[in-house]
Amino acid sequence: MGKRVAVVLAGCGVFDGSEIHEASAALVHLSRGGAEVKIFAPNIEQRDVVNHLKRSPAEEKRNVLVESARLARGNIQDLAELKASEFDAVIFPGGFGVAKNLCSWAVDGKNCTVNEHVKSTLQAFHSAKKPIGLCCISPVLAAKVFPGCEVTVGQDKDVDGRFPDAETASAIAELGCKHVCKNVNESHVDKANKIVTTCAFMCKAPLHEIFDGVGTMVQEVLKLA
């Protein structure tokens, strides 16, 4: 029987929700790994809505659960209903929605607050010693909730313009966590906390390299599950 994995989304679209390619990559690799997947998202209003064509704010309101349902093909549940006891692992794709909707990192940085259901979900899996997979900006959730943990968001310096958000690594270190530098096709495993992270679109890389990197994260999560 395949591992039971919960995937938590933050909306639909890189600038105000879940990064679609990361979410899709995670789901493809989970499917290839024989996992039984259920998708969740918090039933809350998005912090903002971005016109992805113009990359500018849109004067409208959208709901994180409703928007995430687009990625889940309608098969999704309120994050409040997620029970860690029913799953072997949980995975959080990235995207600005993580930093805007699942926590307030986009506004407050290391002083951010984490959505109560996101925080309780992370704590429940961690307490049960079940693996947590995170990619792109999502590792900041673990850094905020689990001081002292190890994560990667890629590199801590902007090497050849490939890591424009490298300062995130410094913020993670300021939270008392260890940032481990990794390339886009790699993931880092914090064995003590069973937290697996990969940088994904925190690196300016070809899509197939990001897809492969997410794949390493999923594979390591399934090994730990």
Side-chain angles (χ1 to χ4, degrees), residues 3-12 16-19 22-23 26-27 30 35-47 62-69 71-72 75-151 153 171-172 175-177 189-197 217-218 221-222 224-225:
K3 301 297 182 181
R4 301 163 299 171
V5 181
V7 174
V8 180
L9 300 180
C12 182
D16 58 14
S18 287
E19 209 298 316
E22 291 175 13
L27 293 170
L30 284 167
E36 177 186 338
V37 177
K38 289 190 177 179
I39 305 174
F40 298 84
N43 187 10
I44 57 175
E45 187 177 298
Q46 290 185 187
R47 178 176 289 274
R62 296 194 183 189
N63 178 279
V64 175
L65 178 59
V66 172
E67 291 302 296
S68 298
L71 281 170
N75 189 9
I76 194 168
Q77 294 174 259
D78 187 336
L79 181 59
E81 300 173 6
L82 194 162
K83 296 180 176 62
S85 59
E86 297 178 354
F87 295 91
D88 300 303
V90 64
I91 287 177
F92 289 76
F96 278 103
V98 171
K100 293 178 176 182
N101 305 325
L102 302 193
C103 70
S104 62
W105 187 277
V107 176
D108 303 318
K110 68 179 189 297
N111 297 315
C112 72
T113 56
V114 179
N115 171 276
E116 59 176 319
H117 293 304
V118 172
K119 185 176 181 179
S120 62
T121 295
L122 289 166
Q123 291 174 330
F125 278 85
H126 187 259
S127 296
K129 301 188 185 306
K130 294 179 178 180
I132 299 167
L134 309 110
C135 62
C136 194
I137 193 63
S138 291
V140 301
L141 297 173
K144 188 66 181 181
V145 177
F146 308 118
C149 71
E150 300 176 0
V151 299
V153 289
I172 286 170
L175 285 171
C177 298
V189 181
D190 177 348
K191 294 181 180 178
N193 290 292
K194 290 195 171 183
I195 295 171
V196 187
T197 50
M217 180 267 288
V218 169
V221 166
L222 293 178
L224 291 172

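Just so it is clear, the structure is predicted and the values come from calculations on it, not from any experiment.
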With rounding to the nearest 0.5 Å, note down the distance linking [atom1] in [X] to [atom2] in [Y].
| X | Y | atom1 | atom2 | value |
| --- | --- | --- | --- | --- |
| Cys149 | Leu175 | SG | CG | 9.0 Å |
| Leu102 | Lys144 | CG | NZ | 15.0 Å |
| Glu22 | Leu71 | CD | CG | 11.0 Å |
| Ile76 | Leu9 | CD1 | CG | 5.0 Å |
| Ser68 | Phe40 | OG | CZ | 12.5 Å |
| Gln77 | Leu65 | CD | CG | 9.5 Å |

Is the shortest side-chain heavy-atom distance between Leu134 and Val151 below 4.5 Å?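 A side-chain contact is absent here, since even the closest heavy-atom pair is not under 4.5 Å.
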Quick one: does Asn63's side chain get under 4.5 Å of Asn43's, heavy atoms only?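 SC-SC contact between Asn63 and Asn43 confirmed.
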Heavy atoms only: give me the nearest [X]-[Y] pair and the separation to one decimal.
| X | Y | value |
| --- | --- | --- |
| Ala10 | Val64 | C-CG1, 3.5 Å |
| Gly148 | Cys177 | N-SG, 3.5 Å |
| Met217 | Gly133 | SD-CA, 3.8 Å |
| Ile195 | Glu150 | CG2-O, 4.4 Å |

With a 3.5 Å cut-off and sequence neighbours excluded, list the donor-acceptor pairs that the side chains of residues 83-99 form with protein atoms.
unit_1: Asp88; atom_1: OD1; unit_2: Arg4; atom_2: NH2; d: 3.3
unit_1: Asp88; atom_1: OD2; unit_2: Arg4; atom_2: N; d: 2.7
unit_1: Asp88; atom_1: OD2; unit_2: Arg4; atom_2: NE; d: 3.4

Do side-chain atoms of [X] reach the backbone of [Y] as a donor and acceptor pair under 3.5 angstrom?
| X | Y | result |
| --- | --- | --- |
| Lys130 | Phe125 | no |
| Asn115 | Asn101 | no |
| Ser120 | His117 | yes |

Where do Asn193 and Ile132 land on the side chain to side chain contact (heavy atoms under 4.5 Å, CB included) test, with the steps shown first? CA-CA 9 Å; Asn193 290 292; Ile132 299 167; over 6 Å; no
Decide side chain to side chain contact (heavy atoms under 4.5 Å, CB included) for Leu141 and Cys103; before the verdict, give the C-alpha distance in whole Å, the side-chain angles of both, and the deciding distance to 0.1 Å. CA-CA 7 Å; Leu141 297 173; Cys103 70; 3.8 Å; yes
Intermediate values then yes/no, side chain to side chain contact (heavy atoms under 4.5 Å, CB included), Val5 and Val218: CA-CA 10 Å; Val5 181; Val218 169; over 6 Å; no
Can Arg47 and Ser104 be said to form a side chain to side chain contact (heavy atoms under 4.5 Å, CB included), step by step? CA-CA 9 Å; Arg47 178 176 289 274; Ser104 62; 3.5 Å; yes
Please enumerate all residues that pass side-chain hydrogen bond (donor to acceptor under 3.5 Å, both in side chains) together with Gln123, with sequence neighbours excluded.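 Residues passing side-chain hydrogen bond (donor to acceptor under 3.5 Å, both in side chains) with Gln123: none at all.
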For residues 101-120, pull every pair meeting salt bridge (Lys or Arg N to Asp or Glu O under 4.0 Å), keeping only residues two or more places apart or in separate chains.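 Listed by first then second residue: Lys110-Glu174.
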Sole candidate of Cys136, Cys135, Pro139 that passes side-chain contact (heavy atoms from CB on, under 4.5 Å) when paired with Thr197: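 Passing option: Pro139.
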